[in-house]
Each structure stands twice: as structure tokens, then as C-alpha cells.
Amino acid sequence: FRDLTPQELAQVAGRAGRHIRDGTFGVTADCPLLEEEVVEAIEAHRFDPVAALQWRSDMLDFSSLAALRHSLDRAPPNDLFVRCRPDEDEIALARLSGDEGVRGRAAGLAAVSTLWDVCQIPDFRKIAIDQHVAMLEEIFTQIIDDGRIGDAFLAPRVERLERADGDIDTISARIAHVRTWTYLSNRSHWVENASYWQERTRAIEDS
């Protein structure tokens, strides 16, 4: 844990629109009061200069799994950039690349590109990485083997979330789970009956 910097605090306030009106500074939970120097820096918009920018290559090579991973590992173009640490999608790709079934299916530019897109499905559930990767493997296998994610795959996974009972933690967990399927249904080229699943997952989340 670390304190947020004045510029990070200012960004939070700015996103909430608070930079356009006068107000006060407050804290929540067990956070101590902000130091006066921090308040003054935010009000005066006086921040430390940016020393470097995080960077990740966007020149990706989908000709093979190895080529994709190599292109993600490309070094920054100059000293102004710092290679950002691997994100969830890179970690998922590394894990899935070690699976023989995935390697066999990820042959050719289209399949490798699809695998990378699948790896970028957010972990709304915030579960163990192994569980998230297992779900991504199932999704990738469905798309490659069947061309699309069918109703038979989605129905049992969505139906078990179609409840609004329980305490706050239980309901929050269900919302996080259904958001995965909402995200997936909006990739209409992946999902059979995409519009139906978009409406159904949205209805569950709303309820």
C-alpha cells in the first residue's frame, strides 16, 4: 500500500467533475486527513513532472503464438518509456500457451488473433488467475471448434445467476459473474443469438 500522489488524487476529483466547483476535501473510512501541502498542490494544480511513460507494444504479430508473445515483449523505443509490467491478458496468454490443446487450436493468423482477443476478456470476478484462465480456455475452445459460442454453453452459466436473493456480497458476486457473459454477448461475432443474450444478461444485472 502507498499514498496516492497529489496528481492521482486530482485525477480522481477531476473525473468526478469536482474541478469546476468549489468544495471541501474529505476522507473516508480509516484514511487520515489529507496534508495541507497535498490540498494546496491539488488546488493550484502544481504537480511533479512526469519522468517516464508506461509503454506496451501495439505492433503485434499474429502469425504464430511464439511471434505474438515475442512482439509483446518488444523493448520500448527510447528512454522516455518504461516497459509496463505484464497485465492480465499477457499472463493469461502465457498460461494458455502452455496448454497443448490451445497450442493445437491456435494455428494461423485468425486463430492466434482470436486467442489474444479472448485473453483480453476482463476478470470481472476477480478470482484466482487459474480459474479465470480455465474459463478463457473454454471460451476459446468453443469459438475455434464450433465457430461460435452456442446457447448450450451459455444457458447453464447464465441461468444459475438469475437470482436476486442473498446478502450484499452474494449479490455483488453474481453481478460480477454476469458481467463476463454480458461482455461476451456484446462480441456478437462470437455468440450465437447475441442480441438475445445481451438482453437477458442485462435484465439479470438490472434485477
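When reading the values below, keep in mind they use all heavy atoms of this one structure, side chains included, and skip hydrogens, waters and symmetry mates.
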List in chain and number order the residues that pass side-chain hydrogen bond (donor to acceptor under 3.5 Å, both in side chains) with N193, two or more places apart in sequence or in another chain; answer none if no residue qualifies.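 Checked N193 against side-chain hydrogen bond (donor to acceptor under 3.5 Å, both in side chains); matches are D151.
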
Within 45 degrees of the ring normal and closer than 6.0 Å to the centroid, is that where the cationic atom of R179 sits relative to Y183?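 No, R179 and Y183 do not form such a contact.
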
Working to the nearest 0.5 Å, report the span between [atom1] of [X] and [atom2] of [Y].
{"X": "W190", "Y": "I149", "atom1": "CH2", "atom2": "CD1", "result": "7.0 Å"}
{"X": "I204", "Y": "E159", "atom1": "CD1", "atom2": "CD", "result": "8.5 Å"}
{"X": "I175", "Y": "L161", "atom1": "CD1", "atom2": "CG", "result": "10.5 Å"}
{"X": "Q120", "Y": "L136", "atom1": "CD", "atom2": "CG", "result": "11.0 Å"}
{"X": "D123", "Y": "I129", "atom1": "CG", "atom2": "CD1", "result": "6.5 Å"}
{"X": "L68", "Y": "L93", "atom1": "CG", "atom2": "CG", "result": "5.0 Å"}

Quick check: closest heavy atoms across [X] and [Y], and the distance to 0.1 Å?
{"X": "A194", "Y": "S185", "value": "CB-O, 3.6 Å"}
{"X": "A164", "Y": "S207", "value": "CB-O, 4.0 Å"}
{"X": "L115", "Y": "V102", "value": "CD2-CG1, 3.9 Å"}
{"X": "R125", "Y": "I127", "value": "NH2-CD1, 3.1 Å"}
{"X": "L96", "Y": "C119", "value": "CD1-SG, 3.8 Å"}
{"X": "G104", "Y": "A107", "value": "O-CB, 4.1 Å"}

With a 3.5 Å distance limit and no angle check, can you tell me whether [X] reaches the backbone of [Y] through a side-chain donor-acceptor pair?
{"X": "S113", "Y": "L109", "value": "no"}
{"X": "E43", "Y": "E40", "value": "no"}
{"X": "H70", "Y": "A66", "value": "no"}
{"X": "R103", "Y": "G98", "value": "yes"}

Given side chains that start at C-beta, do those of [X] and [Y] come closer than 4.5 Å, heavy atoms only?
{"X": "W181", "Y": "W197", "answer": "no"}
{"X": "V38", "Y": "L9", "answer": "yes"}
{"X": "L60", "Y": "S71", "answer": "yes"}
{"X": "R202", "Y": "V178", "answer": "no"}
{"X": "I139", "Y": "Q142", "answer": "no"}
{"X": "F25", "Y": "I42", "answer": "yes"}
{"X": "R148", "Y": "V191", "answer": "no"}
{"X": "M135", "Y": "H132", "answer": "yes"}

Ion pair present between [X] and [Y], side-chain N to carboxylate O less than 4.0 angstrom?
{"X": "R74", "Y": "D61", "answer": "no"}
{"X": "R83", "Y": "E90", "answer": "yes"}
{"X": "E138", "Y": "R157", "answer": "yes"}
{"X": "E137", "Y": "R95", "answer": "no"}
{"X": "D73", "Y": "R69", "answer": "no"}
{"X": "D89", "Y": "R56", "answer": "yes"}
{"X": "E37", "Y": "R46", "answer": "no"}

Other residues, nucleotides and ligands only: do more than 12 of their heavy atoms fall within 6.0 Å of CG on N78?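 Count over threshold, so yes.
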
Neighbour count >12 (heavy atoms, 6.0 Å) for atom CD, Q7: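 Buried by this count: over 12 neighbours within 6.0 Å.
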
Connected-component partners of W55 among ILVMFWY, side-chain separation under 4.5 Å: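 V50, L53, L80, F81, all in the cluster of W55.
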
Assigning hydrophobic clusters by single linkage (Ile, Leu, Val, Met, Phe, Trp, Tyr; side-chain heavy-atom cutoff under 4.5 Å), is L33 placed with L4?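 Same cluster: L33 reaches L4 through Ile, Leu, Val, Met, Phe, Trp or Tyr contacts under 4.5 Å.
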
Joint cluster assignment, F153 & Y196, ILVMFWY side-chain distance < 4.5 Å: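 Looking at the clustering, Y196 is in the same group as F153.
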
Checking side-chain polar atoms at under 3.5 Å, does T170 have a donor or acceptor matched by the opposite partner on D167?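 Distance-only check passes for T170 and D167.
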
From the options T114, D145, D99, select the one residue that forms a side chain to side chain donor-acceptor pair (under 3.5 Å) with R105.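 One option only clears the test, and that one is D145.
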
Working for salt bridge (charged side-chain N to carboxylate O under 4.0 Å, His left out), residues R174 and E205: CA-CA 8 Å; R174 273 195 216 112; E205 194 170 333; over 6 Å; no

Could you walk me through whether L72 and W116 pass side-chain contact (heavy atoms from CB on, under 4.5 Å), step by step? CA-CA 11 Å; L72 282 164; W116 178 238; 3.8 Å; yes

